[in-house]
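Written out below as structure tokens is the structure these notes cover.
Throughout, numbering of the chain's residues begins at 1 and tracks the sequence. All ligand and atom numbering here is 1-based and tracks the order in the structure. When reading the values below, keep in mind they use all heavy atoms of this one structure, side chains included, and skip hydrogens, waters and symmetry mates. Because the structure is a prediction, the values reported are computed rather than measured.
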Amino acid sequence: MLTPIDYPISLDFDAENGTFEPCPQVTPRHLSDLKEMFSDQSTVAQILRENDPLIYEIRYYPFTTTKSDMALAVTRIFPGTIGNEFYMTKGHKHQREDQPEVYYCVRGEGFLPLDTLEGEFRAIPWRAGVITHIPPMWAHRVVNTGNDLLVFIGVFHLSAGHDYDIVARKGFAYRVLSRNGKPELIKQD
Ligand code: PA5
Ligand code: NI
């Protein structure tokens, strides 16, 4: 039996803005929250001396019931670069080994880098309308290579957990860098 009484839940989603109502939790990620993820550390330090730009925001809705823990996350990544590296999410691997995720690109363009952190890497070219299944044990992040907002939806189990440390330690095999404004995948040493 599914208690509490206010199920089922529907949300009012604005696909242009990447916002929905009601929204119980908004998590902003500023440069200082993911500074170690960018390659150009001297530019990171220089920017942080002046300000701390908002790179992306996550809106969560935990669809928890007494028997399930599915969650919705809508992420809005702003356009921009740090040095020549496009704005991107921090990136993580799920803590549980049996937990996949579905990502849906609602607006914008970019890449979805996927990495086992054990030798296998893919970079999925991303644009509005693409839905990607992220298999368990693949680290994932999203890179906004466009001049506009990138919005995507993620659906996952809350119990999946987010391991950010492993990404900070090992890093993705390739970075998405801007050359003359165009994205290029550059292998990391
Ligand atoms: O669960 C997910 O994969 C997403 O909702 C992400 O958490 C979200 O896009 C933000 O990225 P990160 O958690 O890497 O900061
Ligand atoms: Ni995830």
Practice prompt. Treat each ILVMFWY residue as a node, draw an edge where side-chain heavy atoms are under 4.5 Å apart, and state whether Leu72 and Met70 are in one component.
Written response: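 Leu72 clusters together with Met70.
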**Prompt:** In terms of hydrophobic clustering (I, L, V, M, F, W, Y; side-chain heavy atoms under 4.5 Å; direct or indirect links), are Ile9 and Phe13 co-clustered?
**Reply:**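 Same cluster.
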Suppose we measure from [atom] to each protein heavy atom; which comes out shortest, and what is that distance?
atom	result
atom 5 (O) of ligand 1	Ala73 CB, 3.1 Å
atom 11 (O) of ligand 1	Thr89 CB, 3.6 Å
atom 8 (C) of ligand 1	Thr75 OG1, 3.4 Å
atom 14 (O) of ligand 1	Gly91 N, 2.9 Å
atom 4 (C) of ligand 1	Tyr103 OH, 3.4 Å
atom 13 (O) of ligand 1	Tyr164 OH, 2.6 Å
atom 15 (O) of ligand 1	Tyr56 OH, 2.5 Å
atom 6 (C) of ligand 1	His92 CE1, 3.6 Å

Gap separating the CZ atom of Phe111 from the CZ atom of Arg175, nearest 0.5 angstrom =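 Here the interatomic distance stands at 15.5 Å.
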Open item on the list: For Glu101, which part has a heavy atom under 4.0 Å from ligand 1: side chain, backbone, both, or neither?
Closed with: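 Answer for Glu101: side chain.
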I'd like to know if the side chain of [X] reaches the main chain of [Y], judged simply by a donor and an acceptor atom lying under 3.5 Å from each other, with no hydrogens or angles considered.
X	Y	answer
Thr43	Ile82	no
Arg107	Glu16	yes
Glu85	Ser39	yes
Asn144	Phe78	yes
Asp52	His30	no

| message | Nearest N/O/S atom of His94 with respect to the Ni ion (ligand 2), by atom name, please. | response |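 It is NE2, the N, O or S atom of His94 closest to the Ni ion (ligand 2).
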Just give me the atom name: the N, O or S atom of Glu101 closest to the Ni ion (ligand 2).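 The nearest such atom is OE1.
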Atoms of ligand 1, numbered as shown, that sit under 4.0 Å from any heavy atom of [X]:
X	value
Lys90	14 (O), 15 (O)
Ile58	10 (C)
Phe156	1 (O)

Point to revise | Working for side-chain hydrogen bond (donor to acceptor under 3.5 Å, both in side chains), residues His92 and His140 | key: CA-CA 6 Å; His92 60 269; His140 42 286; 2.9 Å; yes
Check: Is Gly154 near ligand 1, meaning one of its heavy atoms is under 4.0 Å from it?
Finding: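 Heavy atoms of Gly154 never come under 4.0 Å of ligand 1.
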For a distance under 2.8 Å, tell me if His92 has an N/O/S atom near the Ni ion (ligand 2).
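Checking His92: at least one N, O or S atom is under 2.8 Å.
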Check your understanding: Any Lys/Arg nitrogen of Arg122 or Glu120 sitting under 4.0 Å from an Asp/Glu carboxylate oxygen of the other?
Key ->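 Salt bridge between Arg122 and Glu120, a charged N being under 4.0 Å from a carboxylate O: yes.
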